[in-house]
Every structure is written in C-alpha cells, then in structure tokens.
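Everything on this sheet refers to the single structure shown next.
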Amino acid sequence: MTDRELIDMAVEAAKNAYAPYSHQRVGAALECADGTVFTGCTVENAALGATVCAERAAVCNAVNAGRRRFRRIALYSRESADYLTPCGSCRQVLTEFSPEIEVLCVRSDGRYVSYRLRELLPLMFSKEKFE
Ligand code: ZN
C-alpha cells in the first residue's frame with residue numbers, strides 16, 4: 001500500500017468524526033505489520049476528558065481484531081492547514097505497541113511529512129521499563 005492510499009483511508013475515516021466541540025474532524029488509518037489497515041475517527045464528548053482521538057480509536061480497533069504490531073499511521077483533518085501531529089496521549093498509546101511506527105502527518109491540502117514516533121516522543125516511556 002502506498003502512503004497516498006493510506007492517507008486516502010484516513011480522509012475517508014475523518015468523514016465519520018464526531019467533533020462538535022473542537023470542530024476538528026480527524027481520521028486515522030493504521031497499517032499493521034501484516035498489512036491490514038484499521039481506521040478510526042475522533043469521538044468527542046461534552047466531558048472533554050472522555051474524548052477518544054482518531055489514532056487511539058484505530059489502535060483499539062486493531063487490538064480488538066488481534067493486531068498489536070503496526071508499521072504506519074496516517075492522520076488527516078480537513079480543518080488542519082498545518083501538518084497534523086498526534087497528541088501526547090496518542091503518542092504514548094502508539095509507543096505501547098510499535099515504538100518504531102512511521103507517522104504520516106497530513107495537511108488539509110493533502111501534502112504530508114513523515115516522522116518516526118521516536119522523533120515525536122523522545123525518551124519515550126515504554127513497556128521495556130518494566131522488563
Ligand atoms: Zn490524540
């Protein structure tokens with residue numbers, strides 16, 4: 001799967017986002033190690049702490065289906081003129097399963113930049129700390 005195909009899946013996922021508070025409808029497409037792709041979208045809540053980001057929704061969908069190793073994730077929001085990066089909580093959740101994952105941060109015009117999660121979360125706190 002190309003980067004563009006993965007991004008297109010994130011664009012589709014964003015259409016289902018529920019974001020009445022931030023008005024930033026985010027979609028994520030998560031590619032697993034076996035090539036399977038799971039998507040997620042933002043699900044906000046009036047109690048803002050209960051909000052689930054698109055990235056975490058995609059991870060939960062993948063884990064629910066038995067996948068725990070991921071290669072890439074694409075993030076998209078039509079409302080983001082800047083490159084969309086994951087929040088701190090999502091960076092931490094991605095670290096749990098795939099600290100080497102590639103993160104495609106997409107702008108509303110479709111251009112994107114790629115980072116390794118380790119670049120976005122240096123000195124990450126990971127499960128290796130418990131070994
Ligand atoms: Zn997040």
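In what follows, residues are counted from 1 in the order of the sequence shown. Both counts, for ligands and for their atoms, begin at 1 and track the order of listing.
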Subject >> In the protein, N/O/S atoms that are found under 2.8 Å from the Zn ion (ligand 1), waters not counted >> reply: C53 SG, C87 SG, C90 SG

Subject >> Over-ring placement of R107 relative to Y83, 6.0 Å and 45° cut-offs >> reply: yes

**OP:** Indicate, with yes or no, if L30 and V26 share a hydrophobic cluster defined by side-chain heavy-atom contacts under 4.5 Å among Ile, Leu, Val, Met, Phe, Trp and Tyr.
**Re:** yes

**OP:** Verify the cluster assignment for M1 and V59: are they in a single hydrophobic cluster under the rule of side-chain heavy atoms below 4.5 Å apart?
**Re:** no

Original post:
Without hydrogens or angle criteria, can the side chains of T42 and Q24 be said to hold a donor-acceptor pair below 3.5 Å?
Top reply: no

Subject >> Electrostatic pair R116-E100, nearest N-O below 4.0 angstrom >> reply: no

**OP:** Please step through salt bridge (charged side-chain N to carboxylate O under 4.0 Å, His left out) for the pair R25 and E79, ending with a clear verdict.
**Re:** CA-CA 7 Å; R25 291 166 290 180; E79 290 77 33; 2.5 Å; yes

